[in-house]
Each structure stands twice: as C-alpha cells, then as structure tokens.
Amino acid sequence: MDKSDAREIDEAIAAGEDALASLEEARRTLKSASNWGLADIFGGGFITTAIKHSRIDDARDQIEQARRDLVRFSSELRDVRNLNLPDIDIDGFLSLADYLFDGAIADVLVQSRIQDALDQVNVAKARVEEIVATLKERRR
C-alpha cells in the first residue's frame with residue numbers, strides 16, 4: 001500500500017469515527033427520550049411531556065449531524081481504492097429526522113417513532129463500526 005492509499009484509508013477511518021460519535025450521541029438522546037416517553041405513557045404530566053419533547057428536539061439535531069457525518073464518511077469511502085467495502089444506506093437515514101416526529105400527537109405513536117429511530121441509529125452504527133473495523137484491518 002502506498003502513502004496515498006494509506007492517507008485515504010486514514011481519512012475514511014476518521015470520518016467513520018466522527019459518524020460513530022454522532023450516532024452514539026443520537027442513540028443516547030433517543031434512549032433518554034424513550035425513557036421519558038414511557039413515563040409519559042404511564043401517567044406523566046406536562047413536565048414529563050415537555051422533557052420528552054426537549055429530548056426529541058435534541059435527537060433531531062443530533063441525527064441531522066450524524067447524517068452529515070455519514071455523507072462525509074460515504075464520500076471518503078469512495079476515495080478508498082482496492083477495498084471491497086459494503087455500502088452505507090444514507091438515503092434511508094436522510095429522511096429519518098423528518099419522519100421521526102412530524103405530526104405525532106399520541107404518546108404511544110411518539111414512543112413508537114422514537115423506538116423506530118433508535119433502531120435505525122443502532123443499525124447505522126453497527127454498519128459504520130463494521131466498515132471502520134475493515135478499514136483498520138486493511139491499514140495494517
């Protein structure tokens with residue numbers, strides 16, 4: 001492997017690690033929103049609802065950051081030659097923040113959407129971890 005290839009791999013790894021950090025932050029916030037959502041379903045009041053929606057707003061911002069990081073990671077992966085890497089489904093993740101919470105009124109529906117988002121973040125995170133591990137192995 002020449003220096004150029006090594007540099008491209010290092011850039012892809014760095015972008016992947018940024019995406020992983022963003023996804024983990026979104027995962028933690030969605031988990032918190034889910035916990036508050038359960039409390040809301042089982043008798044929460046105005047304060048519980050307000051905290052849940054605050055977490056949802058935070059998660060939306062974090063998911064948008066993760067989306068930007070995933071786009072950058074995908075771009076860096078295209079620069080890496082001679083590696084048979086799996087694709088990342090950015091398109092499915094792009095609409096996640098829009099789908100998540102628009103028009104949701106009922107607590108149960110909001111909780112379901114939070115869980116769907118959490119599942120998608122976990123899938124994306126596992127995929128990025130797999131690719132970053134492959135890149136690190138290749139770099140050796």
Side-chain angles (χ1 to χ4, degrees):
M1 173 183 332
D2 66 20
K3 287 182 182 181
S4 175
D5 291 339
R7 182 177 46 81
E8 295 297 343
I9 290 173
D10 287 343
E11 289 172 357
I13 289 170
E17 288 174 345
D18 288 347
L20 286 172
S22 296
L23 288 164
E24 178 57 26
E25 187 175 3
R27 189 199 65 76
R28 281 194 309 269
T29 303
L30 286 166
K31 188 69 178 155
S32 176
S34 177
N35 291 340
W36 283 103
L38 289 173
D40 202 17
I41 289 170
F42 295 110
F46 176 75
I47 300 293
T48 303
T49 300
I51 293 170
K52 174 183 72 177
H53 282 283
S54 173
R55 297 300 188 277
I56 288 170
D57 290 342
D58 292 345
R60 184 180 298 129
D61 294 342
Q62 292 163 351
I63 287 169
E64 181 58 29
Q65 179 60 51
R67 184 197 64 78
R68 286 189 299 269
D69 289 343
L70 286 168
V71 168
R72 187 175 132 243
F73 181 46
S74 182
S75 175
E76 291 296 341
L77 287 177
R78 283 191 293 274
D79 293 341
V80 176
R81 297 179 303 234
N82 302 322
L83 280 180
N84 198 8
L85 297 170
D87 291 328
I88 297 178
D89 180 19
I90 301 294
D91 293 336
F93 202 76
L94 289 176
S95 62
L96 179 61
D98 290 335
Y99 162 78
L100 260 180
F101 312 109
D102 284 351
I105 296 173
D107 291 340
V108 173
L109 179 58
V110 171
Q111 188 66 20
S112 174
R113 287 183 169 187
I114 290 169
Q115 189 58 50
D116 289 347
L118 188 55
D119 291 345
Q120 288 186 33
V121 166
N122 286 333
V123 166
K125 189 171 179 244
R127 192 76 166 142
V128 173
E129 287 171 339
E130 173 189 341
I131 294 170
V132 168
T134 299
L135 289 166
K136 287 180 177 180
E137 184 64 32
R138 178 63 185 235
R139 184 177 62 185
R140 292 179 190 183

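- Using a 4.0 Å cut-off between charged nitrogen and carboxylate oxygen, R60 and D57 count as a salt-bridge pair.
- Considering every non-hydrogen atom in both E8 and D79, the closest pair reads OE1-CB, 3.1 Å.
- Under the 4.5 Å side-chain heavy-atom criterion for grouping Ile, Leu, Val, Met, Phe, Trp and Tyr, L70 is connected to I63 within one hydrophobic cluster.
- For the pair L135 and F73, the tightest heavy-atom approach, listed with the atom from each and the gap, is CD1-CE1, 4.2 Å.
- For the pair R28 and E25, the salt-bridge criterion is not met [side-chain N within less than 4.0 Å of a carboxylate O].
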Exercise. Output, in order, the C-alpha distance, side-chain angles, deciding distance and verdict of side chain to side chain contact (heavy atoms under 4.5 Å, CB included) for Q115 and D119.
Key: CA-CA 6 Å; Q115 189 58 50; D119 291 345; 2.9 Å; yes
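- A 4.5 Å side-chain heavy-atom check between D5 and V80 finds every atom pair outside the cut-off.
- Side-chain heavy atoms closer than 4.5 Å link hydrophobic residues (I, L, V, M, F, W, Y) into clusters, and following such links, even through other members, never connects F42 to I47.
- To the nearest 0.5 Å, atoms CD1 (I13) and OG1 (T134) are separated by 10.0 Å.
- Taking NZ from K125 and CG from L118, the interatomic distance works out to 10.5 Å, rounded to the nearest 0.5 Å.
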Self-check item: Full working for side chain to side chain contact (heavy atoms under 4.5 Å, CB included) between S34 and Q111
Solution: CA-CA 6 Å; S34 177; Q111 188 66 20; 2.8 Å; yes
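- Connection of I51 to I56 is not established within any shared hydrophobic cluster, with ILVMFWY side chains joined at heavy-atom distances below 4.5 Å, either directly or through further cluster members.
- Annotation: the span from N122 atom CG to L30 atom CG amounts to 9.0 Å, rounded to 0.5 Å.
- Its side chain outside the 4.5 Å cluster rule for every partner, V123 clusters with none of the Ile, Leu, Val, Met, Phe, Trp and Tyr residues.
- Smallest separation of non-hydrogen atoms from L77 and A12: CD2-CB, 4.2 Å.
- Closest of all the heavy-atom pairs between T29 and A59 is CG2-N, 3.6 Å.
- Minimum heavy-atom separation, D18 to R72: OD2-NH1, 2.9 Å.
- The residues E17 and K136 are annotated as salt-bridged, a charged nitrogen and a carboxylate oxygen being separated by less than 4.0 angstrom.
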Exercise. Before giving the answer on side chain to side chain donor-acceptor pair (under 3.5 Å), spell out for Q120 and D116 the whole-Å C-alpha distance, their side-chain angles and the decisive distance to 0.1 Å.
Key: CA-CA 6 Å; Q120 288 186 33; D116 289 347; over 6 Å; no
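- The closest side-chain donor-acceptor pair between D69 and Q65 falls under 3.5 angstrom.
- The side chain to side chain contact (heavy atoms under 4.5 Å, CB included) check on T49 picks up D40, H53, with sequence neighbours excluded.
- Summarising the geometry of S32 relative to R55, their closest heavy-atom pair is OG-NE, 3.1 Å, with the distance given to 0.1 Å.
- Heavy atoms of other residues, nucleotides or ligands lying less than 6.0 angstrom from NZ of K31 number 12 at most.
- Distance CD/E76 to CG/D10: 10.5 Å, rounded to 0.5 Å.
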